[in-house]
Amino acid sequence: MNRITLFLFISLVTVNLFSQNVRYVKPSAESTAWSQKPQEFVYTTVQAAIDASTSGIGDEVWVAAGTYYPTSGINNNNNRFLSFIMKDGVNVRGGFAGTENGVNERPKLNDQPWNYTNKTIFSGNYNLNGDSTDNVYHVVWFGTDNLTYTTRIEGVTIQHGYADGSMTNDQKGGGVFVAKNGVVENCIIQHNVALNGGGIFCYDNAQIIGCYLLNNKTWLNNGFGGALHCNSKTQRIENSTFENNWSVKDGGAIYGGLNSEITDCNFINNSAVKYGGAIYVMAGQKCSNSYFWDNHAESGGAIYINYNNNTISASIFQANQAENGGAIFFSANTSGQKISNSLFTNNEAEVGGAINSESNLLLVNNTIVRNRALMGGGLSGTSTDKLYNTIIWGNDANSFPQLFGDVTANYCAVEGETLDGDGNINLLENSNDDVIFFNPTSVVGYPQSAENELSIKEAVYEISSLSVCHDAGTATIPNYQFESQDLNGNPRINLLPDMGAYELWCPESPILTSQVIHTDTISSTFQFLIVNFDDNLNYEIYFGDGTETQTLTVNSISHTYENEGIFTIVLIAKDSNEQCILEVSDSVEVHFIPINTNITENSIFLQFSPNPIHDKLTISNHNSTGILITIFDQVGKKMGAYQMDDSVLEIKTENWRAGVYYFVIQQNNKIQTKKIIKL
């Protein structure tokens, strides 16, 4: 065998030995799942398939629908130490019927990432004795050591873990205990309990993506993180929903996480006995594009912030409750806090209906409306808080209904108050006539009925183009980098941003032109043309002569004036929901010009040259005197008048616009017209 042949042989063997493999799991030996697959790769226990997989080459385990119980113990222990033990670099996936050839063939019930039609359930109720407190400590175990490769569990429902062991780690992560580089994706995490992280406990660089964490909780009065406890830093939590989770102390849904990122998440009806009904925040956390509804705590109904340099952007806080800070509480002696492009409505507290800040807070482009408190209905702040481009309206309190505290405000709009600072606006009290929200609710504070809830959820706090808050903000804020998008994901206008969480983007204003198309001794007809006509807008035009307003469905309309004079034309363009209302006006000068070009008797004999004209027009007079020449453009505007007694009149036309011009020629009782074209 020569060297080349030997090299090729070794290469082929190497590829074969280390190529990715998929192993398959079915719920029982009798199951027909995976019957089309090589049976040496089909297992009836999940752990056997994981153990047979190779680390670091992308091996996967595909688990068919059914309920599975752990069969191996952590560190070879039994009973409550049983767990589904992950292997470094091996991905475990559920949601299969058992006939698929690819992961994308798995059907889903809807567009929620976790909602597979075929449910693969990993249960911690290993002994089936009906006592949840006797379930395993961790349903899924990634281990305490850092993982070398990305290791993923995906498409699985993980339930009924109960972490109340005597060892520290056995009190964390009843559903999942995740180490560095662990990924939990498209999973349902439900009905799990632990001291810290009832659903999931995770270390550095863990990722929670596309998951639904439901009905998880902590079990002692010093428990943290009903659904998720982030023990260290740089966790990524994305596109997930946290609902009905509970903590005996802090962080009803999430506790901790240095420099973590929470993006596109929903927090619904979570609660904590003490701080942070949805989230208890550590330092450097970024929360964006998230929704908080009906979360509860003693302080910070949705979020409690106790450390520095946290950012909240493009998020919605509605119907959250607390004693202090219905939506958010910022504790004292912290700094570097920022909230931008966010909406706070119908939150309720004793102090600070929406926000209670004892910190150093920067608020930019937020809308704070319809919140309630005993003091500071919208916001309770301090002298170190700075507000820009923010709307505070329609809030209620026994004292200071909109704003409590000596905050610094510029370019803000507050109902019934004119704050010191540049560009601030005093909004009308108990009125939507100047701020002009598109569809505000009349409900103030926490909803008391299903009808209240529906009204709050259907409310729209985008502003009209006629609002005093439109183009009324500032783009110059010290040491602040503007977000590129508003709450709706629309671009922010750099020069003149709107106040509030939403930036209004309207089509360009209509361009209206007009020209005379017919004139006689008793009337004059004009044609009006919308140059940039937009099929998505509704147009109305008023001609200024007392006639009815007309609706335009095409780009032009004609109108006949029966009186001479100057008339103001008003054109209004509206989008379908009348949020963008664009108005332009122009005027026309109407003269009745008798067209008399066929007069043969008593005609005034003049010669015009050239026609069409460029820079100069020459009019020659054949022995006539006392001639008055008046010139009008095509829209009836008078351009000038000339008395002609000499034999030749020269008129410079280089500055005239291209178009048609009418020359009215009068001599004694004779009148005739001449039409000249300017190129």
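What you are looking at is a predicted structure, and each value in this text was computed from that prediction instead of being measured.
Side-chain atoms of Phe663 and Ile676, non-hydrogen and from C-beta on, do get closer than 4.5 Å to each other. Taking the side chain as every heavy atom from C-beta outward, Cys287 and Phe292 approach each other to under 4.5 Å. Contact check for Arg492 versus Glu483: no side-chain heavy atoms found under the 4.5 Å cut-off. Residues Ile511 and Ile530 have side chains not in contact (no heavy-atom distance under 4.5 Å, counting atoms from C-beta outward). Put simply, the side chain of Ile312 reaches to within 4.5 Å of the side chain of Ile305, judged on heavy atoms. Considering only heavy atoms from C-beta on, Leu427 stays 4.5 Å or farther from Val414 through its side chain.
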Using side-chain contact (heavy atoms from CB on, under 4.5 Å), reason through Leu387 and Asn410 one step at a time and then give a plain yes or no. CA-CA 6 Å; Leu387 282 64; Asn410 292 284; over 6 Å; no
side-chain hydrogen bond (donor to acceptor under 3.5 Å, both in side chains) between Thr560 and Ser523: does it pass, once the steps are laid out? CA-CA 7 Å; Thr560 299; Ser523 66; 5.8 Å; no
Decide yes or no on side-chain hydrogen bond (donor to acceptor under 3.5 Å, both in side chains) for Arg370 and Asn347, but give the supporting numbers first. CA-CA 8 Å; Arg370 295 304 198 204; Asn347 303 286; over 6 Å; no
Step-by-step ring pair (Phe, Tyr, Trp, His ring centres under 6.0 Å) determination, Tyr291 to Phe317: CA-CA 6 Å; Tyr291 178 64; Phe317 297 81; 9.0 Å; no
Walk me through it: do Asp385 and Ser357 pass the test side-chain hydrogen bond (donor to acceptor under 3.5 Å, both in side chains)? CA-CA 8 Å; Asp385 296 331; Ser357 172; 3.1 Å; yes
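Formation of a donor-acceptor pair under 3.5 Å by the Asn295 side chain with backbone atoms of Phe267 is found in this model. A donor-acceptor contact shorter than 3.5 Å is absent between the side chain of Asn346 and the backbone of Tyr446. The main-chain N or O of Val435 is found under 3.5 Å from a side-chain atom of Ser467 such that the two form a donor-acceptor pair. Under a 3.5 Å cut-off, the side chain of Thr311 and the backbone N or O of Lys338 do not form any donor-acceptor pair. A donor-acceptor contact shorter than 3.5 Å links the side chain of Ser315 to the backbone of Ser313. Between the side chain of Tyr539 and the backbone N or O of Asp534, at least one donor-acceptor pair lies under 3.5 Å. With Ser509 contributing its side chain and Leu582 its backbone, the two residues share no donor-acceptor pair below 3.5 Å. The backbone N or O of Leu606 sits nowhere less than 3.5 Å from a side-chain atom of Asn621 that would complete a donor-acceptor pair. With hydrogens and angles disregarded, no donor-acceptor distance shorter than 3.5 Å links the side chain of Glu654 to the backbone of Lys616. Not a single donor-acceptor pair under 3.5 Å links the side chain of Glu348 to the backbone N or O of Gly445.
A donor-acceptor contact closer than 3.5 angstrom links the side chains of Gln402 and Asn395. Defined by atom type and a distance below 3.5 Å, a donor-acceptor pair is missing between the side-chain atoms of Asn341 and Asp486. Looking at Thr618 and Ser609, their side chains never bring a donor and an acceptor atom within 3.5 Å of each other. Judged by distance alone, the side chains of Glu508 and Asn532 do bring a donor and an acceptor atom under 3.5 Å apart. For the residue pair Glu540/Gln550, the side-chain donor-acceptor check at 3.5 Å is not satisfied. In this model, a donor atom of one side chain and an acceptor atom of the other lie less than 3.5 Å apart for Glu462 and Asn488. Side-chain polar atoms of Gln318 and Thr345 form a donor-acceptor pair below 3.5 angstrom.
Taking Tyr461 as the reference, Phe437 meet the ring pair (Phe, Tyr, Trp, His ring centres under 6.0 Å) condition, with sequence neighbours excluded. By the ring pair (Phe, Tyr, Trp, His ring centres under 6.0 Å) test, Phe438 is found to be paired with no residue, residues two or more places apart in sequence or in another chain being considered.
Using cut-offs of 30° and 60° for the angle between ring planes, the Phe528 and Phe526 rings count as parallel. Note on ring orientation: taking the six-membered ring where Trp is involved, the planes of Phe543 and Tyr561 are perpendicular (angle over 60°, cut-offs 30° and 60°).
For residues 501-559, the disulfide (SG to SG under 2.5 Å) pairs, not counting sequence neighbours, are Cys506-Cys580.
For Gln337 against Ser359, the heavy-atom pair with the smallest separation is CG-OG, 3.3 Å.
Between Asp396 and Arg372, at least one side-chain N (NZ, or NE/NH1/NH2) sits under 4.0 Å from a carboxylate O, which counts as a salt bridge. A salt bridge is defined here as a Lys NZ or Arg NE, NH1 or NH2 lying under 4.0 Å from an Asp or Glu carboxylate O, and Glu261 with Arg236 fails to meet this definition.
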